[in-house]
Protein chains: 2
Amino acid sequence: MAHDRLHERLNAYLAKKGLRHTSQRKVIADAFFGGPNHISIEELLARVRKEDARVGYATVYRTLKLFTECGLAAERNFGSGPSRYELSDESTDHHHDHLICLECGGITEFHDPAVEKAQEAIARRYGFRVRSHKHEMYGVCQACQQADEAPRARPRRS
Amino acid sequence: MAHDRLHERLNAYLAKKGLRHTSQRKVIADAFFGGPNHISIEELLARVRKEDARVGYATVYRTLKLFTECGLAAERNFGSGPSRYELSDESTDHHHDHLICLECGGITEFHDPAVEKAQEAIARRYGFRVRSHKHEMYGVCQACQQADEAPRARPRRS
DNA sequence: GTGCCTGCAAAACGTTTGCACTGGC
DNA sequence: GCCAGTGCAAACGTTTTGCAGGCAC
């Protein structure tokens, strides 16, 4: 399983900090590692409760905070609504940014070395030491554009 | 006055939509156009109340929403805390993004054509129609880096 | 006079925490 | 047994809205 590496990493962190392996943490980790990326606390809780109906919101909240601390997860805020969590760049060995569709809410990940390079140049110009960055484009995805053009699927003027 | 153009634009929008010119809208517009960029509702309210102490929070909130609708203002969320408002790219004829210092909270604006170009290329690659974007780098500004090295005189903001 | 606008207060919303009980070690 | 972890509910900070009265037109 590809999740083994993530579980190991979590276990190592728990051990290092003297924290406990609880059944809730295990269930939440399974649900998070196996679930869709950019999941909200609420959505994750629903997945978790299929395994153990007694888990509370606060536990999921605190556990994702823990995952964030140990570098497994990253918190994202796309426009309004609740925060969403994804596997961190560090845990996927793959940095990415986001395209967010304003019509369907879909999130596409992208990576572009040219942007990264340009970013470094800007930081250098301002003597700024970058710790993290956020690069999000909001607009309409290809699928929604096509749906908008098809006269049957949707009225032209909304 | 450089603000005349902004006031005109607001008036045109009010006229077009059949909305009313009220004293509150005038005072809030003055305070917003003349105040610092990246201002919060709370801070703007304080400025407004110097002119008219009876203005309420909700009015400032609703008025900034109006400014955002008519393209004069843009809402920004930098990390935690309340939303901040700035003059929109459209109203300044000058697109910019942000460097946010995690130590002093200072916000620096920057513009880089290389990033914009790279962005367009990505959008094209995904067939995505971009409506707006957000490009923020979080880190440590030059002043804070120097203050950290010589911890005698650190300029603390916020 | 009409109905948009305002100010207040309260609701809504998402996040965070205090507390008593539970359970891992 | 100790103390971190949990579940509940309530607190929190911010945003949004319902409503009665006020004011631009």
Side-chain angles (χ1 to χ4, degrees), chain A residues 7 10-32 38-46 48-70 73-85 105, chain B residues 7 10-32 38-46 48-49 51-70 73-85 105 158:
Chain A
H7 278 288
L10 174 58
N11 292 340
Y13 184 80
L14 293 176
K16 195 182 76 183
K17 293 276 187 173
L19 303 175
R20 291 169 186 173
H21 295 75
T22 64
S23 66
Q24 288 93 332
R25 286 186 176 153
K26 198 168 178 336
V27 175
I28 294 169
D30 282 340
F32 180 60
H38 314 120
I39 197 168
S40 67
I41 300 274
E42 195 95 11
E43 290 161 0
L44 187 54
L45 180 60
V48 165
R49 283 194 167 152
K50 284 181 188 163
E51 290 299 312
D52 180 352
R54 294 165 28 181
V55 173
Y57 186 100
T59 301
V60 176
Y61 164 78
R62 283 187 278 232
T63 303
L64 278 195
K65 185 160 243 182
L66 175 72
F67 290 178
T68 303
E69 273 166 34
C70 76
E75 189 184 338
R76 294 276 175 183
N77 284 280
F78 301 119
S80 56
S83 295
R84 297 187 164 272
Y85 292 83
Chain B
H7 279 288
L10 174 58
N11 291 340
Y13 184 79
L14 292 176
K16 195 182 76 182
K17 293 276 185 172
L19 303 174
R20 289 170 187 173
H21 295 76
T22 64
S23 64
Q24 289 92 332
R25 284 185 177 155
K26 198 168 178 334
V27 176
I28 294 168
D30 282 339
F32 180 59
H38 313 120
I39 197 168
S40 67
I41 301 274
E42 194 96 12
E43 290 160 2
L44 186 55
L45 180 59
V48 165
R49 284 197 167 151
E51 289 300 312
D52 181 351
R54 293 167 25 183
V55 173
Y57 186 99
T59 301
V60 176
Y61 165 77
R62 283 187 276 231
T63 303
L64 278 195
K65 185 160 241 182
L66 176 71
F67 290 178
T68 303
E69 272 166 35
C70 76
E75 188 185 338
R76 294 275 176 184
N77 284 281
F78 301 119
S80 56
S83 295
R84 297 186 164 274
Y85 292 82
S158 103

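Fair warning: this is a prediction, and the values are worked out from it, not measured in the lab. Chain identifiers are assigned alphabetically (A, B, ...) following the order of the sequence lines, protein sequences preceding nucleic acid strands; residue numbering begins at 1 within each chain.
- Boundaries of the chain A contact region on DNA chain D are D/dC3 to D/dC8, first to last in 5' to 3' order (nucleotide atom under 4.0 Å from a heavy atom).
- The backbone N or O of B/Ser83 sits nowhere less than 3.5 Å from a side-chain atom of B/Arg76 that would complete a donor-acceptor pair.
- If A/Ala58 and B/Asn77 are placed on DNA chain D by their nearest nucleotide, the residue sitting closer to the 5' end is A/Ala58.
- Using a 4.0 Å heavy-atom cutoff across all strands shown, B/Leu19 reaches sugar-phosphate atoms only and no base atom.
- At the heavy-atom level, A/Ser23 lies nowhere under 4.0 Å from the strands shown.
- Within the nucleic acid shown, A/Arg62 comes within 4.0 Å of at least one base atom, counting heavy atoms only.
- Taking atom OH of residue A/Tyr57 and atom P of nucleotide C/dT17, one finds them 13 Å apart after rounding to whole Å.
- In this structure, A/Tyr61 reaches the C/dT16 phosphate: one of its side-chain N or O atoms is under 4.0 Å from OP1 or OP2.
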| request: Output, in order, the C-alpha distance, side-chain angles, deciding distance and verdict of side chain to side chain contact (heavy atoms under 4.5 Å, CB included) for B/Val27 and B/Val55. | output: CA-CA 9 Å; B/Val27 176; B/Val55 173; 5.6 Å; no
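- When the C1' atom of C/dC8 is taken as reference, atom CG of B/Leu45 falls 13 Å away, rounded to whole Å.
- Between B/Glu69 atom CD and C/dC5 atom P the separation is 11 Å, expressed in whole Å.
- Crowding of A/Glu69 atom CD: a count of heavy atoms from other residues, nucleotides or ligands under 6.0 Å exceeding 12.
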| request: Go through the steps for A/Phe32 and A/Thr63 under the test side chain to side chain contact (heavy atoms under 4.5 Å, CB included), then give the verdict. | output: CA-CA 10 Å; A/Phe32 180 60; A/Thr63 303; over 6 Å; no
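- Going from atom CZ of A/Arg25 over to atom P of C/dC25 covers 10 Å, rounded to whole Å.
- Here NZ of B/Lys17 is found 9.5 Å from CG of B/Leu66. Values are rounded to the nearest 0.5 Å.
- Between B/Thr22 and C/dC5 there is no side-chain N or O to OP1 or OP2 distance below 4.0 Å.
- Between A/Arg20 and C/dG23 there is no side-chain N or O to OP1 or OP2 distance below 4.0 Å.
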| said: Let's go through A/His21 and A/Leu14 carefully: what are the C-alpha distance in whole Å and the side-chain angles of both, what is the deciding distance for side chain to side chain contact (heavy atoms under 4.5 Å, CB included) to 0.1 Å, and is it a yes or a no? | reply: CA-CA 7 Å; A/His21 295 75; A/Leu14 293 176; 3.8 Å; yes
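- Each of B/Gly18 and B/Asp52 has a nearest nucleotide on DNA chain C; the 5'-most of these lies closest to B/Gly18.
- The 12-atom threshold is exceeded at CD of A/Glu75, counting heavy atoms of other residues, nucleotides or ligands nearer than 6.0 Å.
- Listed pair A/Gln24 / C/dT22 fails the phosphate criterion, with no side-chain N or O lying under 4.0 Å from OP1 or OP2.
- Note: NZ (B/Lys26) to P (C/dC5) measures 17 Å, nearest angstrom.
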